[in-house]
Engineer: 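Please read through the structure below; I'll follow up with questions.
We count residues from 1, following the sequence as given.
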Amino acid sequence: MRHPEQHRPDWKRKLVMGIVVASCTLCLVEVALRFTLGPPPPAVQVYSRSPITDGWFEESDGMVMPRFQALFGIEDFRKGWMPEGSFKVDSPNRRFAVMGGSTVHGGTPDLHVSGEFPALLGQVTGSNGINLGNPGLDSHDIVQIADELRAYPMDAWVLYTGHNDFGNGYFLQRYQGWAGGFQAHARSVLEGLQLFWQLRSLGELTTTHGTEPDPEHQFDAPGTEPAQKAHIQMDYLRNMRRIIWFAEQENIPVVLVVPASGLFMAPVGRCEDGASRKLWKQGMRQASEQSPEATTSLQQARDADCIPLRILSQAQDGLRELARAPHVYLVDAPNELPRDPD
């Protein structure tokens, strides 16, 4: 007869079984959290250029005012003064909301809101295009705006955002001093889990570095390194996934517009390796020779700029991937907009 201890599994088998059970339990918890709370937002609290801290909209007499567009106080709004993006709480007519930065609203001097593309799109579709854009807004702001916008019936959301995530990342020095690419990608694995985000949010969210922009010395700050760009891109796409999830919960179609940029604009940053300016000069020479390789060189020059004021190619591709979700439609502006023959 064997001794009873011989029937007990050894400590290695116990350890493996414990890890398997724990892993299965955590996976079930993560699936449940994703189902109820959606994709996790970034686990960092970034500095915003918007002064709004206690609600992005204000209601009064059946009207909704986007406070982030207001150049006056709430009391003025209650007296009847409303910004251009104001709309009724309920409307029997078709309407859609357009969210974004200065490309959506306020980026072109002396252009009235009736000439901005939300209004033009409304004319073409016979709907009311509600302009909820404002200079400086990026996906960290828009994900909060979209969350509050869920309270008001809309037939569609249109999103044009991406440039400001990279521009504000530089101007506000959001990710200054963060470590190299390995940490960026290792962090992305954890922050992609709702369980990690919920545990992180029990305490105070990590606040990334920020600084108040100085218009007279706006390009004096240290350049944005590749690892920092990787963080910006990851957080941008996480915010966009969450906005899409908000819309899905309300059965609202989403139109993603891939931001376009002028590739002939020279890189702003005087980067140490000079790669971005070399690529730009190469691309401009190729363009003058009508070489098909010019576009690739100029895109690489834009992406290598250490002062990134335009969305990067990888982020554009990531946005295109998000459009594979149900009820999400894509407008690929860089590839579909009319182009200058030269």
Engineer: Quick one: CG on L132 to CD on E84, what's the gap to the nearest 0.5 Å?
Structural biologist: 12.0 Å

Engineer: If you compare all heavy atoms of S139 against all heavy atoms of T161, which two are closest, and at what distance to 0.1 Å?
Structural biologist: N-OG1, 3.8 Å

Engineer: Does the side chain of D147 come within less than 4.5 Å of Q144's, by heavy atoms?
Structural biologist: no

Engineer: If Ile, Leu, Val, Met, Phe, Trp and Tyr residues are connected whenever their side-chain heavy atoms lie under 4.5 Å apart, and connections chain through other members, are V257 and Y329 in the same group?
Structural biologist: yes

Engineer: Mind listing the closest non-hydrogen atom pair of A301 and L279 along with its distance?
Structural biologist: CB-CB, 3.7 Å

Engineer: Would you check, one step at a time, whether the test side-chain contact (heavy atoms from CB on, under 4.5 Å) holds for N251 with H327?
Structural biologist: CA-CA 8 Å; N251 293 316; H327 307 297; 5.7 Å; no

Engineer: Could you go through K229 and Q314, starting from their C-alpha distance and side-chain angles, then the distance that decides it, and tell me whether this counts as side-chain contact (heavy atoms from CB on, under 4.5 Å)?
Structural biologist: CA-CA 10 Å; K229 291 179 182 178; Q314 299 93 323; over 6 Å; no

Engineer: Tell me the closest heavy-atom pair linking L137 and D141, and the distance in Å.
Structural biologist: CA-OD2, 3.5 Å

Engineer: Looking only at heavy atoms, what is the nearest atom pair of Y160 and H163, with distance?
Structural biologist: OH-NE2, 4.3 Å

Engineer: Using a 4.5 Å cut-off on heavy atoms from C-beta on, say whether the side chain of V255 contacts that of V331.
Structural biologist: yes

Engineer: Kindly work out whether a path of hydrophobic side-chain contacts (I/L/V/M/F/W/Y, heavy atoms less than 4.5 Å apart) joins L319 to V98.
Structural biologist: no

Engineer: State the CG-CD1 distance between N239 and I244, to the nearest 0.5 angstrom.
Structural biologist: 11.0 Å

Engineer: Determine which pairs satisfy disulfide bond (SG atoms under 2.5 Å apart) with at least one residue from residues 235-271, sequence neighbours left out, and list them in order.
Structural biologist: C271-C306

Engineer: Backbone N or O of F246 within a donor-acceptor pair of the E250 side chain at under 3.5 Å?
Structural biologist: no

Engineer: Do I311 and D165 come within less than 4.5 Å of each other through their side chains, counting heavy atoms only?
Structural biologist: no

Engineer: Please answer whether the main-chain N or O of S313 pairs with a side-chain N or O of D303 as donor and acceptor at a distance below 3.5 Å.
Structural biologist: yes

Engineer: Which value, rounded to the nearest 0.5 Å, describes the distance between M154 atom CE and I130 atom CD1?
Structural biologist: 3.5 Å

Engineer: Any sub-3.5 Å donor-acceptor pair from R241's side-chain atoms to L322's backbone N or O?
Structural biologist: no

Engineer: Taking the basic N atoms (NZ, or NE/NH1/NH2) and the acidic carboxylate oxygens, is any pair closer than 4.0 Å for D305 and R302?
Structural biologist: no

Engineer: Looking just at side-chain N and O atoms, do N168 and D138 make a donor-acceptor pair shorter than 3.5 Å?
Structural biologist: yes

Engineer: Mind checking whether R320 and N335 have side chains closer than 4.5 Å, heavy atoms only?
Structural biologist: yes

Engineer: Looking at Q286 and P292, would you say the former's side chain and the latter's main chain have a donor-acceptor pair under 3.5 Å?
Structural biologist: no

Engineer: Measure the CG-CD distance between L121 and E116 for me, rounded to the nearest 0.5 Å.
Structural biologist: 13.0 Å

Engineer: For the pair Q69 (side chain) and N134 (backbone), establish whether a donor and an acceptor sit closer than 3.5 Å, ignoring hydrogens and angles.
Structural biologist: no

Engineer: List the steps, then state whether side-chain contact (heavy atoms from CB on, under 4.5 Å) holds for F57 with I145.
Structural biologist: CA-CA 8 Å; F57 295 98; I145 293 171; 3.8 Å; yes

Engineer: Verify side-chain contact (heavy atoms from CB on, under 4.5 Å) between L149 and M99, making sure each step is shown before the conclusion.
Structural biologist: CA-CA 10 Å; L149 188 63; M99 291 171 272; 3.9 Å; yes

Engineer: Out of curiosity, D332 CG to Q316 CD, how far, rounded to the nearest 0.5 Å?
Structural biologist: 8.0 Å

Engineer: According to side chain to side chain contact (heavy atoms under 4.5 Å, CB included), who are the partners of K88, at least two apart in sequence or on a separate chain?
Structural biologist: M63, R95

Engineer: Which heavy atom of Q228 sits nearest to which heavy atom of T224, and what is that distance?
Structural biologist: OE1-CA, 3.1 Å

Engineer: So, does R67 use its side chain to make a donor-acceptor pair with the main chain of G55 at under 3.5 Å?
Structural biologist: yes

Engineer: Using the rule that Ile, Leu, Val, Met, Phe, Trp and Tyr join whenever any side-chain heavy atoms are under 4.5 Å apart, tell me whether I243 and F96 fall into a single cluster.
Structural biologist: no

Engineer: Could you state whether V143 and L159 fall into the same hydrophobic cluster, counting links through intermediate Ile, Leu, Val, Met, Phe, Trp or Tyr residues with side-chain heavy atoms under 4.5 angstrom apart?
Structural biologist: yes

Engineer: Looking only at non-hydrogen atoms, find the nearest pair between L298 and M284 and report the distance.
Structural biologist: CD2-N, 3.9 Å

Engineer: Give, for atom CG of L263 and atom OG1 of T295, the distance between the pair rounded to the nearest 0.5 Å.
Structural biologist: 7.0 Å

Engineer: Going by side-chain hydrogen bond (donor to acceptor under 3.5 Å, both in side chains), name the pairs with one or both residues in residues 276-285, residues two or more places apart or in two chains.
Structural biologist: Q282-S297

Engineer: Look at the side-chain heavy atoms of Ile, Leu, Val, Met, Phe, Trp and Tyr, link any pair under 4.5 Å apart, and say whether F117 and V254 land in one connected group.
Structural biologist: no

